[in-house]
Asker: 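The structure follows.
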Amino acid sequence: MAVEAKQTCYEGSIIQNFQVYLEQSGEHKAILQCLRNILPGELKRCRIGAGKSSLDVLGVGSGGGELDVQLLALLQSTFPAVLITADIVEGSAQLTDFKALVAKTTNLQKIPFAWHFMRSENYEREVKANRGMKTFDLIHMVHMIYYVDNLADTIKFYHSLLKNNGRLMIIVSTANSGWDTLWKTYKEELCVGRITEYCTSVDVAACLKSPGLKYEEHVIPITVDIPECFDPSSQTGEQLLNFFTMKDHFHQSFTPEIRAGMLDLLRNKCSTEKDGRLFFNADSSCILVYA
């Protein structure tokens with residue numbers, strides 16, 4: 001399938017900016033630790049793997065697959081006698097990186113993968129057109145919900161693909177985090193590109209409460225070391241600012257007044273100081289939605 005013209009959240013310069021962000025925050029490590037703490041027990045309690053020959057997993061917006069491979073390994077260790085299958089939906093060319101990562105990860109060789117090189121909305125249209133909805137025990141969407149066309153409709157669709165006792169796992173920025181403060185304050189300047197409507201855990205919860213879906217929320221504490229953001233000569237600082245605003249060139253993308261306002265907000269409203277360092281509040285929420 002041809003790559004779609006609309007840019008996804010995981011290609012171009014954003015990838016390098018994201019890697020710098022991960023180095024400064026340890027976000028993936030924090031998310032993985034949360035999953036290790038809650039997921040095995042939760043899946044055993046809801047008896048997802050009980051009496052089944054396979055455990056079917058769907059990853060949506062998986063990017064280069066760094067978290068996915070860790071999650072799949074966790075599921076293998078939790079259910080060693082059950083075959084794990086994985087469907088992956090990703091609209092960016094980095095899906096090839098994911099495939100390469102799987103190819104060199106020995107414990108994943110037993111997992112059958114189905115690759116869907118398309119955006120979430122196209123996957124939804126394809127599934128509905130074929131009228132043959134494959135259902136899943138676990139569907140995970142890690143920091144991708146910001147990029148969909150309609151939040152409520154997207155959640156409704158993927159929830160409809162859950163098997164009995166299945167779980168939909170959505171990881172999203174926590175309400176009142178630094179991300180929330182920055183993007184809500186500068187909505188007019190920031191919600192004009194890859195993200196057109198910024199959402200947080202509160203918005204996801206509202207979409208779940210409306211139809212009466214049961215869920216639980218687990219907050220994942222994450223901080224980002226950001227003093228370099230205030231050094232105009234720092235490449236690391238520039239890349240962090242690019243990632244925070246989803247721009248290719250932070251200092252060229254905004255007027256001096258807007259730049260100054262954003263930096264002031266980052267320093268005084270989005271962050272806390274500890275041991276002489278400034279840490280951006282990047283807390284996330286892991287929301288587990290019941291079938």
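Quick note: numbers below take in every heavy atom, side chains included, and nothing from hydrogens, waters or symmetry partners.
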Asker: Is Arg119 close to Asp149 at the side-chain level, that is, under 4.5 Å between some pair of heavy atoms?
Answerer: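 Yes, side chains in contact.
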
Asker: When hydrophobic residues are tied together by side-chain contacts of less than 4.5 Å, even through go-betweens, does Leu83 share a cluster with Val57?
Answerer: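 In one cluster: no.
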
Asker: Taking Ala206's backbone N and O only, do any of them form a donor-acceptor pair with Ser210's side chain (distance below 3.5 Å, no angle check)?
Answerer: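 Side chain of Ser210 to backbone of Ala206, a donor-acceptor pair under 3.5 Å: no, none is there.
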
Asker: Which distance, rounded to the nearest 0.5 Å, do you find between the CG of Leu213 and the CG of Leu162?
Answerer: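 It comes to 9.5 Å.
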
Asker: Does any part of the side chain of Gln76, heavy atoms only, come nearer than 4.5 Å to the side chain of Ile111, both counted from C-beta?
Answerer: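 Heavy-atom side-chain distance check passes, below 4.5 Å.
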
Asker: Grab the two heavy atoms, one from His159 and one from Tyr290, that are nearest each other, plus how far apart they are.
Answerer: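 Nearest heavy atoms, His159 then Tyr290: NE2-O, 2.7 Å.
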
Asker: Where is the tightest heavy-atom contact between Cys34 and Cys286, given as atom of each residue plus distance?
Answerer: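 Shortest heavy-atom separation between Cys34 and Cys286 comes out as SG-CB, 4.2 Å.
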
Asker: Going by heavy atoms in the side chains, are Gln33 and Ile220 under 4.5 Å from each other?
Answerer: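 No, too far: nothing below the 4.5 Å cut-off.
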
Asker: Just by modelled atom types, is the Arg267 backbone N or O under 3.5 Å from a matching donor or acceptor in the Ser271 side chain?
Answerer: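 Absent.
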
Asker: Are Ile145 and Phe157 grouped together when hydrophobic residues (ILVMFWY) are joined by side-chain heavy atoms under 4.5 angstrom apart?
Answerer: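 Ile145 and Phe157: one cluster.
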
Asker: Using the side chain to side chain contact (heavy atoms under 4.5 Å, CB included) rule, take Glu121 and Val148 through it: C-alpha gap first, then chi angles, then the decisive distance, then the call.
Answerer: CA-CA 7 Å; Glu121 289 80 8; Val148 301; 3.4 Å; yes

Asker: For His251, I'd like to know if atom NE2 has over 12 heavy atoms of other residues, nucleotides or ligands within 6.0 Å.
Answerer: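 Counting neighbours around NE2 of His251, more than 12 heavy atoms of other residues, nucleotides or ligands fall under 6.0 Å, so yes.
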
Asker: Could you pull out the closest heavy-atom pair between Leu182 and Leu266, with the gap in Å?
Answerer: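 For Leu182 versus Leu266, the nearest heavy atoms are CD2-CD2, 4.3 Å.
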
Asker: Decide yes or no on side chain to side chain contact (heavy atoms under 4.5 Å, CB included) for Glu228 and Leu240, but give the supporting numbers first.
Answerer: CA-CA 9 Å; Glu228 292 188 72; Leu240 283 174; 5.5 Å; no

Asker: Can you confirm whether more than 12 heavy atoms, excluding those of Gln109, are under 6.0 Å from its CD atom?
Answerer: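 Counting neighbours around CD of Gln109, more than 12 heavy atoms of other residues, nucleotides or ligands fall under 6.0 Å, so yes.
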
Asker: Distance check, rounded to the nearest 0.5 Å: Ser92 atom OG versus Met118 atom CE?
Answerer: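 The OG atom of Ser92 sits 13.5 Å away from the CE atom of Met118.
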
Asker: Show the nearest heavy-atom pair for residues Ala282 and Val224, with the distance to one decimal.
Answerer: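 Result for this residue pair: CB-CG2, 3.8 Å.
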
Asker: Please tell me whether Ser285 and Thr174 have a donor and an acceptor in their side chains that are separated by less than 3.5 angstrom.
Answerer: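 The answer is yes; a qualifying pair exists.
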
Asker: Would you call Asn281 and Thr272 a side-chain contact if the rule is heavy atoms closer than 4.5 Å?
Answerer: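 A side-chain contact under 4.5 Å is absent here.
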
Asker: Do Glu216 and Ile38 have side chains that get closer than 4.5 Å, going by heavy atoms?
Answerer: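 Of all side-chain heavy-atom pairs linking Ile38 with Glu216, none is under 4.5 Å.
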
Asker: For residues 163-173, dump all side-chain donor-acceptor pairs below 3.5 Å to protein atoms at least two apart in sequence or in another chain.
Answerer:
unit_1: Lys163; atom_1: NZ; unit_2: Asp56; atom_2: OD2; d: 2.5
unit_1: Arg167; atom_1: NE; unit_2: Glu42; atom_2: OE2; d: 2.9
unit_1: Arg167; atom_1: NH1; unit_2: Asn165; atom_2: O; d: 3.2
unit_1: Arg167; atom_1: NH2; unit_2: Glu42; atom_2: OE2; d: 3.1
unit_1: Ser173; atom_1: OG; unit_2: Tyr146; atom_2: OH; d: 3.1
unit_1: Ser173; atom_1: OG; unit_2: Tyr198; atom_2: OH; d: 2.9

Asker: Give the C-alpha distance, both sets of side-chain angles, the deciding distance and a yes or no for side chain to side chain contact (heavy atoms under 4.5 Å, CB included) between Lys247 and Glu189.
Answerer: CA-CA 11 Å; Lys247 301 293 183 185; Glu189 291 80 12; over 6 Å; no

Asker: Is it the case that over 12 heavy atoms from other parts of the model lie below 6.0 angstrom from the CG atom of Asn176?
Answerer: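 Incorrect, the count does not exceed 12.
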
Asker: Under the side-chain hydrogen bond (donor to acceptor under 3.5 Å, both in side chains) rule, what do Asp68 and Ser62 come out as? Steps first, then yes or no, please.
Answerer: CA-CA 7 Å; Asp68 291 61; Ser62 296; 2.7 Å; yes

Asker: Taking everything shown except Lys184 itself, do over 12 heavy atoms lie less than 6.0 Å from its NZ?
Answerer: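 For Lys184, atom NZ is crowded (more than 12 foreign heavy atoms under 6.0 Å).
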
Asker: Using 30° and 60° as the class limits, which term best fits the ring planes of Tyr158 and Tyr123: parallel, tilted or perpendicular?
Answerer: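 Because their plane-to-plane angle is under 30°, the rings of Tyr158 and Tyr123 count as parallel.
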
Asker: Taking it one step at a time, do Phe244 and Phe280 satisfy ring-ring contact (aromatic ring centres under 6.0 Å, His included)?
Answerer: CA-CA 10 Å; Phe244 286 144; Phe280 179 83; 4.5 Å; yes

Asker: How many angstroms lie between OG1 in Thr196 and CG in Leu190, if you round to the nearest 0.5 Å?
Answerer: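 Nearest 0.5 Å value for the OG1-CG distance: 12.5 Å.
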
Asker: Atom CG in Asp225, atom CG in Leu278: separation rounded to 0.5 Å?
Answerer: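 Asp225 atom CG to Leu278 atom CG measures 8.0 Å (nearest 0.5 Å).
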
Asker: Going by distance alone, is a donor N or O of one side chain under 3.5 Å from an acceptor N or O of the other, for Glu126 and Asn122?
Answerer: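 Their side chains do not contain a donor-acceptor pair, so the 3.5 Å distance test is not met.
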
Asker: Tell me whether Phe230 is reachable from Ile258 by hopping between hydrophobic residues (I, L, V, M, F, W, Y) whose side-chain heavy atoms are closer than 4.5 Å.
Answerer: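 Linked, Ile258 and Phe230 end up in one cluster.
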
Asker: Should Trp179 and Thr200 count as side-chain neighbours, where that means a heavy-atom distance under 4.5 Å?
Answerer: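 They are not in side-chain contact.
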
Asker: Should Phe98 and Glu90 count as side-chain neighbours, where that means a heavy-atom distance under 4.5 Å?
Answerer: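 No, too far: nothing below the 4.5 Å cut-off.
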
Asker: Taking all atoms of both residues into account, what is the closest heavy-atom pair of Leu101 and Thr105, and its distance?
Answerer: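 Taking Leu101 first and Thr105 second, the nearest heavy atoms are O-OG1, 2.6 Å.
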
Asker: List for me each residue that meets side-chain contact (heavy atoms from CB on, under 4.5 Å) alongside Leu22, sequence neighbours excluded, and say none if there are none.
Answerer: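 Only Phe18, Gln19, Glu27, His28 meet the side-chain contact (heavy atoms from CB on, under 4.5 Å) criterion with Leu22.
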
Asker: Apply side chain to side chain contact (heavy atoms under 4.5 Å, CB included) to the pair Leu71 and Leu39, showing each step before the final yes or no.
Answerer: CA-CA 9 Å; Leu71 173 57; Leu39 210 52; 3.3 Å; yes

Asker: Restricting to non-hydrogen atoms, name the atom on Glu238 and the atom on Gln252 that form the minimum distance, rounded to 0.1 Å.
Answerer: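 Between these two residues, the closest heavy atoms are OE2-OE1, 4.5 Å.
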
Asker: Applying a strict under-4.5 Å side-chain criterion to I, L, V, M, F, W and Y, I'd like to know whether Val202 and Ile195 cluster together.
Answerer: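 The answer is no; the residues belong to distinct hydrophobic clusters.
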
Asker: Are Thr85 and Phe136 packed together at the side-chain level, in the sense that at least one heavy-atom pair is separated by less than 4.5 angstrom?
Answerer: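 Side chain of Thr85 against side chain of Phe136, heavy atoms only: no contact under 4.5 Å found.
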
Asker: Where do Phe113 and Trp115 land on the ring-ring contact (aromatic ring centres under 6.0 Å, His included) test, with the steps shown first?
Answerer: CA-CA 6 Å; Phe113 280 83; Trp115 305 98; 5.0 Å; yes

Asker: Nearest 0.5 angstrom please: Ile155 CD1 to Ser160 OG, how far?
Answerer: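 The distance works out to 12.5 Å.
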
Asker: Report yes or no: do Phe279 and Ile31 belong to one cluster of Ile/Leu/Val/Met/Phe/Trp/Tyr joined by side chain heavy-atom distances under 4.5 Å?
Answerer: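 Phe279 and Ile31: separate clusters.
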
Asker: What is the distance from atom CE of Met262 to atom OH of Tyr186, rounded to the nearest 0.5 Å?
Answerer: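 Met262 atom CE to Tyr186 atom OH measures 6.0 Å (nearest 0.5 Å).
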
